[in-house]
Amino acid sequence: MEYNFREVEKKWQEHWAKNKTYKTENSSSKPKYYVLDMFPYPSGAGLHVGHPLGYIASDIFARYKRLKGFNVLHPMGYDSFGLPAEQYAIQTGQHPEITTKTNIARYREQLDKIGFSFDWDREVRTSDPSYYKWTQWIFIQLFNCWYNKKTNKAEKIETLVKTFETTGFKGTEDDILTGDLEVYHDGFTAEEWSGFSEATKEQVLQQFRLAYLSDTMVNWCPQLGTVLANEEVKDGVSERGGYPVERKLMKQWSLRITAYADRLLNDLEGIDWTESIKEAQRNWIGKSVGTSIRFSLTPGPSPKERDNTPGYQTANKAIWERLKSNSRENRKNQTEAEELLWEQVRDRKLGYKIRRQHAVDQFIADFICLEQKLIIEVDGEIHNYQQEYDEGRTYLLEEIGYRVIRFTNNSVKENINWVCDEIAKALQSPLSFGEGAGGEAFVEVFTTRPDTVFGVSFVTLAPEHELVAKITTDAQRKAVEEYVTFAKNRSERERMADVKKITGVFTGAYVAHPFTGKKVPVWIGDYVLAGYGTGAVMAVPAHDSRDFAFAKHFGLDITQVILPPSPLEKGPGDEAYEAKEGKLVNSDFLDGLEVKAAIKKAIAVIEEKGLGKGKTNFRLRDAIFGRQRYWGEPIPVYYKDGIPHVLSESELPLVLPEVDKYLPTETGEPPLARAKDWKYKGEYEYEYSTMPGWAGSSWYFLRYMDAHNDKEFASKEAVNYWQNVDLYMGGAEHATGHLLYVRFWTKFLYDLGLIPVIEPAKKLINQGMIQGRSNFVYRLGFVGHIENDGKDNKIFESLPSLFVSKKYFDNQTEYNTEIFARHSKILKENNIASLPPIRYHVIIPLHVDVNMVENDVLNIEAFKNWREEYKNAEFLLEDGKYICGSEVEKMSKSKWNVVSPDSMVEQYGADCLRLYEMFLGPLELSKPWNTNGITGVSNFMRKLWRLYHTTDWNNTPLLWRGARGEAISNEPATKAELKTLHKTIKKITEDIDRFSFNTSVSNFMICVNELTEQKCNKREILEPLAIIIAPYAPHIAEELWSKLGHRESITYAVFPECKEEYLVESSFNYPVSFNGKTRFFQEYDRSLSKEEIEKEIMTLEQTQKYLEGKTPKKVIVVPNKIVNIVI
RNA sequence: GCCCUCGUGCUGAAACUGGCAGACAGGCUAGACUCAGGAUCUAGUGUCGUAAGACGUGGGGGUUCGAAUCCCCCCGAGGGCACCA
């Protein structure tokens, strides 16, 4: 009886489902083991052969652990919110819930066919309100918490409010601040806090909440109509769809993942994840330890040095004569108020020189302080009539760097003291220093190399840096403004694509070197990022390649301060020396120190002198949490007087409302704004954005532990029992997205004492991608004739398509004439009047459905029927066949290279597919799908079946002799049989333990080959064999198991132990090598000592032959391994 | 540019801790059986060589009695990060 996999597999799949064979309880005397798979997004395309790779591996492991006596949790569910379903909904108007349901049903059907041992009673769907109720609940916890730097964990916001009430807040330097607050704000006292309005209090608290609303630069994708998180953007375009993404300032919900940056980084040490994923996470978090250093803004060079024009000549020269006479006229006709004020401000009474009736550009200012670029205007009643004119004037003056403050005649007359105070305040304010700035004003830079501080030859600011406008000198203003505009309009993408292009401009301003006091010029360059560090760098061209390139490009100084330990191949003028090795030179108090010591000392001195502070920066940004989309979890927030409030737990879930269309409103609001009468308590507006795709998947591993709990996200007992995932199988594509967020949420829930673990998964394996192998056909695309006037093209398009076989495409010039001849023939056949001769042509490769191609030969009939336009297609063949081109690419619907597991299951059976996918190679490796070896696995299945079914070895299969397994002998097994079995048990156990599934399939093959050779039919051998193969090929194993007379499923059998005694040999066949080359073998008893073996070896005739009469220098005997004789 | 992973027959790969390189499959070659085969069975198959033998794990060097495996340099592939100071 040949193995009928169709019948057997169907039978057992139904049996497992009916008996809930894989149902798992939350308590057991057995030890627990949690095997989790990557959460699938149920796309419309269904599963392809790449998806099950990881699922098969984890299923083998889960089944193995069950046999090993563990209580195994192995669940499956769907990450069912997401963009594709919504895009489809927009196109078709169909509710995403419907498409999602259909897709899930299809996934389930496909999964069931492969025989996975999932506990389907624990299935979850993120789009199910009973699930997202708890996603919303976790969001509320995030909203209600802040990160306490002192205790280094998340705490309830009340503890922060208490601090504010008792001690207030000291501002940015206060260490209760979270790591990466982007918005700085002033401190306040406890009294001030209690005096704040609710709105102000909330605004302050928003700076601390772990889920917060703020204006941030976001990645806006106009085509998708939503913002995207950083890791959803690749190379300046959206990861899904590849649409352009722009930077935009928007009010957005964010999660303060940055608070956890350090813990996310440090805890990587303790988990057994692949190095590549850990490395990707480390890169993404991007910790750099360094220090801030302040460079004070020096009073700029004197007017003489800087420009020939004296500083006070601020007027527009073209109209200076007219302005001059006007200003003289005005001085004579001062109003009473103006006179009054003049007496108060003249002669530096307020600390700065103030001029009156001074010409600036095309205007005359009432009063002006050139030093501080402040204009003071005193307006009479007439002002009311010319308000618009004044506003224009203020605008223009501000454009060129002046601030304008206005007072009315009345206020000057009635309250001169107040006016003077206001003016004094404006003069003191650090907002404007520009040319004459000095004193407290400074540029703060961040550096990881404070040791190179004496090598600073300039300072570079990001174009967006707030100081840019203020410090730029008039002479440089135009150039700077042009540059800033250029830099701003350059999209992220251009900036990234064009890294090599060096751009920048001098501001005209200088800062003082903090140690030498030397003048250091301040430049602007877009190689400095506004969002990182302080948005400013101290440039050390000798030791930083980017600074070096900038300095070379603009001809700036390069000062070497580190002497490399060994002379460089290239001189110091050729490239930057960036290594952290060598001794400091030209560096005052750092001279002679090694780099590492110099860094320490530099930080110490900088801190001591109050020039800066040791500081750690992270590349990681807070995660933007809102999406302007419909198909996601509603954010459980409503607005009252513009202040966001979260719903209470009893009001959850906030169910996704129905909308008439899945598009933004006419006013650009997200689709949820379309929902009718969707208001909190019928009154307050809900938040209209929804959560991103990763929200639901950030905690799903917990929900599986207690999937139906409607009181909690999971019960205390469940989370304490299951702890965390023991084995997580997932793709590497989630390295910086999902896998970072799930770690973040886990740590947060741990901080709140809700779960007992700090990491979601102890071990993570990422299975490689199965790539597709695409096939191409080659269509003659365009044929140019001598007179190509478009008319010919039309004729061409009306002709049947001509497809040429691969060789014509590969060697186009060689086969030119043949192609043209065939083309002419088509012309003739279609009665086209003779066209002028062809001059050139283009051949276009097109993806063709791989299911119409076998061994790169196209099934022409199938192809013709594929599409209407190919019905009359013509083909230029080679050797009577149409040969297709091929390429390895990602498996995707659009590339027509998708192979679904269904067809494989249909043809070879689920067990065969399972074994074959494992047999392909190491799990982690990516490889293109090909079925070349599947017949080998298929044969193995047959051999395995026969091993249990026949005692006749003359190639005529015997029928099974009854249902109770009488064909199986109960006699004791031979030594050889036992050895084969136990050798296999040992290898399989080792293989599974190190996830080497491909070698275990090989070992099964070897085992079955040997047992077949031995004509083994002993129960003592065949029963354990069925068990060890059961994780890999569960259907056939169940069938054999039941035929062996068992009533219970093989799932809970006991995995056999390897008995070493069957493996021990009394002797070992030593390979004898000379100078490392194996020459012959010699068998010796295992008990022989080194010395005895050496003695024996030397007596051998063969040894003497290879010694060629020489005396060996040395004889190495490794017992039970090898003998090596050195001559 | 930096970081990670990897490089072994015609192909997928094995060799885990340094100890017989190429297990197990596929393919190919020859033969058997067969109405037929994309079925089954047998034998062969790293390269060069009739053979003895020599050479062989991307290339070069090193450590070692012994290296696919460890170390250094270079080349190539895949992935991650990317003016991150």
Side-chain angles (χ1 to χ4, degrees), chain A residues 234-235 274-288 290 445-450 452 460 462 495-496 498-502 525-529 531-540 543-547 549-550 578 617-620 732-733 735-736 766 768-769 771 854-855 915-916 919-922 924-928 930-940 942 955 987 990-991 993-994 996 998-1007 1009 1069-1081 1112-1118 1120-1127:
Chain A
K234 291 260 142 78
D235 300 320
T274 54
E275 195 46 45
S276 61
I277 288 209
K278 287 203 206 179
E279 196 58 30
Q281 294 214 344
R282 283 189 202 110
N283 285 341
W284 192 258
I285 295 167
K287 181 177 183 171
S288 46
V445 303
F446 173 74
T447 180
T448 54
R449 296 293 302 273
T452 61
T460 316
R495 207 161 144 169
M496 276 191 270
D498 227 15
V499 167
K500 296 265 140 56
K501 199 170 153 195
I502 296 158
D526 71 355
Y527 80 97
V528 179
L529 302 176
Y532 186 77
T534 59
V537 300
M538 58 173 221
V540 185
H543 305 289
D544 181 284
S545 56
R546 295 150 306 176
D547 297 339
F550 197 82
E578 294 183 287
N617 260 315
F618 291 96
R619 204 187 70 90
L620 184 74
E733 66 272 23
T736 55
N766 43 317
M769 205 175 37
Q771 295 140 318
E854 201 153 344
N855 288 329
L915 285 170
Y916 182 62
F919 186 67
L920 269 176
E924 319 83 53
L925 247 62
S926 285
K927 53 224 149 216
N930 77 74
T931 52
N932 286 348
I934 200 163
T935 50
V937 176
S938 185
N939 286 343
F940 162 74
R942 241 192 308 262
N955 197 23
K987 288 207 157 157
E990 285 168 359
D991 286 343
D993 285 342
R994 65 191 166 98
S996 175
N998 55 329
T999 50
S1000 35
V1001 178
S1002 298
N1003 283 320
F1004 284 127
M1005 288 172 171
I1006 294 168
C1007 176
N1009 286 347
N1069 201 14
Y1070 280 89
V1072 183
S1073 56
F1074 293 78
N1075 288 339
K1077 279 273 160 220
T1078 308
R1079 294 302 178 177
F1080 62 89
F1081 290 89
K1113 281 191 191 133
K1114 207 172 174 184
V1115 179
I1116 291 120
V1117 178
V1118 184
N1120 302 323
K1121 272 251 168 86
I1122 201 167
V1123 176
N1124 191 17
I1125 299 168
V1126 188
I1127 312 170

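FYI, side chains are in, hydrogens and waters are out, and symmetry mates aren't considered; it's all heavy atoms of this structure. None of the values given here were measured: they were computed from a predicted structure. Letters A, B, ... are given to chains in the order of the sequence lines, protein chains preceding strands, and every chain is numbered from 1.
Two residues, A/Y532 and A/P1071, neighbour RNA chain B, and the one matched to the more 5' nucleotide by heavy-atom proximity is A/P1071.
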Task: side chain to side chain contact (heavy atoms under 4.5 Å, CB included) between A/F1080 and A/F1074, intermediate numbers included - done: CA-CA 10 Å; A/F1080 62 89; A/F1074 293 78; 3.7 Å; yes
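At the heavy-atom level, A/F1081 lies under 4.0 Å from base atoms of the strands shown. Residue A/N1003 is out of contact with every strand shown, counting any heavy-atom pair closer than 4.0 Å. Residue A/E990 is in base contact, counting any heavy-atom pair closer than 4.0 Å across all strands shown. Among the protein residues, A/T935 comes within range of the sugar-phosphate backbone only, with heavy atoms under 4.0 Å from sugar or phosphate atoms but none that close to a base.
Looking at the side chain of A/A280, the nearest of the listed nucleotides B/rG80, B/rA39, B/rA85 is B/rG80. Across B/rA25, B/rC65, B/rU40, the shortest atom-to-atom separation from the side chain of A/I1116 is found for B/rC65. Of the candidate nucleotides B/rC20, B/rA15, B/rC81, B/rC20 has the atom lying nearest to any side-chain atom of A/I1122. Which of B/rA25, B/rA85, B/rC65 sits closest to the side chain of A/V1126 comes down to B/rC65. Of the listed nucleotides (B/rA85, B/rU40, B/rA15), B/rU40 has the atom at the smallest distance from the side chain of A/N939.
Summarising the geometry, the separation between OH on A/Y1070 and P on B/rC65 is reported as 20 Å, rounded to the nearest angstrom. Atom P of nucleotide B/rC2 and atom CZ of A/R619 are separated by 18 Å, given to the nearest angstrom. Separating the CD1 atom of A/I1125 from the C1' atom of B/rG19 is a distance of 14 Å, rounded to the nearest angstrom.
Residues A/Y532 and A/S288 have side chains that bring a donor and an acceptor to within less than 3.5 angstrom of each other. Remark: the A/T999 side chain and the A/S996 side chain contain an N/O donor-acceptor pair separated by less than 3.5 Å.
For the P atoms, the distance from B/rC74 to B/rU11 is 28 Å, rounded to whole Å.
Of the side-chain N and O atoms in A/N283, none sit less than 4.0 angstrom from OP1 or OP2 of B/rC84. For A/S288 and B/rA85, the shortest distance from a side-chain N or O to OP1 or OP2 is below 4.0 Å.
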Each nucleotide N or O in nucleotides 9-13 of chain B that has a protein N or O under 3.5 Å away: list the pair and distance.
{"unit_1": "B/rG12", "atom_1": "O2'", "unit_2": "A/L920", "atom_2": "O", "d": "2.2"}
{"unit_1": "B/rA13", "atom_1": "O3'", "unit_2": "A/N998", "atom_2": "ND2", "d": "3.3"}

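Atoms CD and OG1, from A/E924 and A/T274 in turn, are 8.5 Å apart once rounded to the nearest 0.5 Å.
Glycosidic conformation of B/rG22: anti, with the torsion beyond 90° of 0.
Ring centroid separation for the pair A/F550 and A/Y527 comes in under the 6.0 Å cut-off.
Between A/N998 and A/P922 there is a side-chain heavy-atom pair separated by less than 4.5 Å.
In the interface, the side chain of A/N1124 is paired with the base of B/rC65 through a donor and an acceptor atom under 3.5 Å apart.
Stem regions for RNA chain B, each three or more consecutive Watson-Crick or G-U pairs with both distances under 3.5 Å and listed by first number, read B:1-7 with B:75-81, B:10-12 with B:24-26, B:27-32 with B:40-45, B:46-48 with B:53-55, B:58-62 with B:70-74.
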